[in-house]
Amino acid sequence: MLASMRTSVLAMGIALMGLPAHAFDTTARAAYVIDQTTGTVLLSKDADQPLPPASMSKLMTLYVAFEALRDGRLTLNETLPVSEHAMSYGGSTMFLNTQDRVTVEDLLRGIIVLSGNDACVVIAEALSPDGTEAGFARYMTQRAQQMGMNNSNFANSNGWPAAGHMMSVHDLAVLADRLISDFPEYYPLFAEEVFEFDGRAPSNARNRNPLLKLDIGADGLKTGHTQEAGYGLVGSAKQGDRRVIFVLTGLDTTGQRAEEAEAVVNWSFRNFVERTVANAETPIAEAQLWMGKKKTVGLVAEGDLNVLFPVLGTQNVEAEVVYDGPINAPVQKGQQLAELVIKPEGLPEIRRPLVAAEDVAVGGFVVRMLTVGGIVLKDVINNPLESM
């Protein structure tokens, strides 16, 4: 009969010095910070609350555009027409007009660096299933759901205030992670500080991301602001081998956004440290087997297991191996059999898969008879009267 099996990892010699983390005290309406390298959530404040995302939702338009480039439905040097609808948008624009035909590459830079509302619509109308921005917004919503962004709904391509146009900061972090991971060839565009398109808008030629000019590893992604949403930023920074992704929204001023963003980056890198807690070839524990040539099989991580911990404090971290067992033989090397659950103080628990360290075949006739005989004997001992 299967039962949940739990094995203390600490008892097996993995010593993890743990650390109480001091949460970042943000004034943002909602915030989410994740260490991308280890998948550790460092901060979560109203993370799944749908809120107006302002121009930060342009990241979804960019993701769909990058998919189209990857699939060959767009090319960087292809030129696209500008509609009356695209030209009608105010706010931050590239000052496009209906006489223009603009390359996809310039449009992407116009969205990323200049936050061009008009550029988003040009891309949207080119990729929309029905040729309209509204149709593209519906497509974005469906695509976001497929990506696990369940608290996002789009009414347009650029974040212009509209009823029902919402994203959570968690969803924005998921989207940033996918942009960085899925499209490394285009991600450097987010670090560009200046884009002077055709000399039309000298007052709107600089990237609004306040972190790019600082020497803290910041290299993306997108700011946003409307009266309803406040000031926000989806940001990312890399120092050494670590990358942090963060989302802040609902701040009161551009200055507050800049100060809060820089502070959260510094806090993320200075207050946490990455440690290797298990090597891929070193068994962490053993799982009991049923009817196998061996009674147990070693459990190993799929690769070197790196975990992020707070840097302050000195206490052991609770960790255990969990699986349903005994596990029926045969098992194959690399087959996932269990989870390692690590619970650093002040951080969400971390779950990582554990796999079989080797193949174990089904036992022969003698092994099966001994196993069954052992069960019968145990039943007789535990229930003597019922067996008579």
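- For D46 and R29, the salt-bridge test passes: some basic side-chain N is under 4.0 Å from an acidic carboxylate O.
- Between E302 and R352 there is no salt bridge, since no side-chain nitrogen of the basic residue lies less than 4.0 Å from a carboxylate oxygen of the acidic one.
- With hydrogens and angles disregarded, no donor-acceptor distance shorter than 3.5 Å links the side chain of D100 to the backbone of V82.
- Among all heavy-atom pairs drawn from S92 and N204, the shortest one is OG-ND2, 3.6 Å.
- A donor-acceptor pair is defined here as one N or O able to donate and one able to accept, closer than 3.5 Å; such a pair exists between the side chain of Q256 and the backbone of D252.
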**Request:** Please report the C-alpha distance between L59 and T61 in whole Å, then the side-chain angles of each, then the deciding distance to 0.1 Å, and finally whether the side chain to side chain contact (heavy atoms under 4.5 Å, CB included) criterion is met.
**Result:** CA-CA 5 Å; L59 293 175; T61 296; over 6 Å; no

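- Side chain of D219 to main chain of A191: no donor-acceptor pair is present (N/O by atom type, distance under 3.5 Å, no hydrogens or angles).
- Using a 4.5 Å cut-off on side-chain heavy atoms (C-beta onward), L43 and W267 make contact.
- Taking CD1 from I111 and OG from S55, the interatomic distance works out to 10.5 Å, rounded to the nearest 0.5 Å.
- Of all the heavy atoms in A261 and L233, the pair that sits closest is CB-CD2, 3.5 Å.
- Counting only heavy atoms from C-beta outward, the side chains of T249 and V169 approach each other to under 4.5 Å.
- Judged by distance alone, the side chain of E133 and the main-chain N or O of S157 form a donor-acceptor pair under 3.5 Å.
- In this structure, CE on M94 lies 4.0 Å from CZ on F197, to the nearest 0.5 angstrom.
- Between N156 and F136 the shortest side-chain heavy-atom distance does not fall below 4.5 Å.
- Under the side-chain contact (heavy atoms from CB on, under 4.5 Å) rule, M166 has a single partner from S57, P50, S152, which is P50.
- Across M60, H170, K222, a single residue satisfies side-chain contact (heavy atoms from CB on, under 4.5 Å) together with L175, and that is M60.
- Between E349 and R351, at least one side-chain nitrogen of the basic residue sits less than 4.0 Å from a carboxylate oxygen of the acidic one, meeting the salt-bridge criterion.
- Between R138 and D130 there is a salt bridge, with a side-chain nitrogen of the basic residue lying less than 4.0 Å from a carboxylate oxygen of the acidic one.
- The pair E193-K213 does not meet the salt-bridge criterion, since no charged nitrogen lies less than 4.0 angstrom from a carboxylate oxygen.
- In plain terms, the two heavy atoms of T296 and E286 that are nearest each other are OG1-OE1, 3.3 Å.
- At least one side-chain heavy atom of V321 sits less than 4.5 Å from a side-chain heavy atom of L354.
- Between atom CG of residue N207 and atom CG of residue L212 there is a gap of 5.0 Å, rounded to the nearest 0.5 Å.
- Distance CG/L211 to CZ/F246: 5.0 Å, rounded to 0.5 Å.
- Of all heavy-atom pairs spanning G224 and M56, the tightest one is N-CG, 3.9 Å.
- Considering every non-hydrogen atom in both Y323 and A287, the closest pair reads OH-CA, 3.4 Å.
- Atom CD of Q146 has more than 12 heavy atoms from other residues, nucleotides or ligands within 6.0 Å.
- No side-chain heavy atom of D118 sits less than 4.5 Å from a side-chain heavy atom of M87.
- Partner of L80 under the side-chain contact (heavy atoms from CB on, under 4.5 Å) criterion, out of L127, L107, D106: L107 alone.
- W290 is not listed as a side-chain neighbour of I327, based on a closest heavy-atom distance of 4.5 Å or more.
- A salt bridge does not link E185 to R70: none of the charged side-chain nitrogens sits closer than 4.0 Å to a carboxylate oxygen.
- A distance-only check finds no donor-acceptor pair linking the side chain of R257 to the backbone of Y231 [under 3.5 Å].
- For Y63, the ring pair (Phe, Tyr, Trp, His ring centres under 6.0 Å) criterion is met by F183, not counting sequence neighbours.
- Using modelled atom types, one side-chain atom of D359 and one backbone atom of K333 make a donor-acceptor pair closer than 3.5 Å.
- At least one donor-acceptor pair under 3.5 Å links the side chain of D304 to the backbone N or O of A280.
- In this structure, the side chain of S236 engages the main chain of V244 through a donor-acceptor pair within 3.5 Å.
- Within a 6.0 Å sphere centred on CD of Q332, heavy atoms belonging to other residues, nucleotides or ligands number 12 at most.
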**Asked** Could you walk me through whether T26 and E260 pass the side-chain hydrogen bond (donor to acceptor under 3.5 Å, both in side chains) check?
**Response** CA-CA 7 Å; T26 180; E260 198 88 343; 2.6 Å; yes

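- Between D25 and K45 there is no salt bridge, since no side-chain nitrogen of the basic residue lies less than 4.0 Å from a carboxylate oxygen of the acidic one.
- The local environment of CD in E196 is sparse, with at most 12 non-hydrogen atoms from other residues, nucleotides or ligands closer than 6.0 Å.
- Rounding to the nearest 0.5 Å gives a distance of 9.0 Å between CD of Q36 and NZ of K238.
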**Request:** Might you work through the side-chain hydrogen bond (donor to acceptor under 3.5 Å, both in side chains) test for R242 and Q239, ending with a clear yes or no?
**Result:** CA-CA 6 Å; R242 283 184 58 202; Q239 295 184 13; over 6 Å; no

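- Note: T141 OG1 to F154 CZ = 6.0 Å, rounded to the nearest 0.5 Å.
- When every heavy atom of R208 is checked against every heavy atom of L114, the shortest pair comes out as NH1-O, 3.2 Å.
- Proximity of L42 to I34: side-chain heavy atoms (C-beta onward) are nowhere separated by under 4.5 Å.
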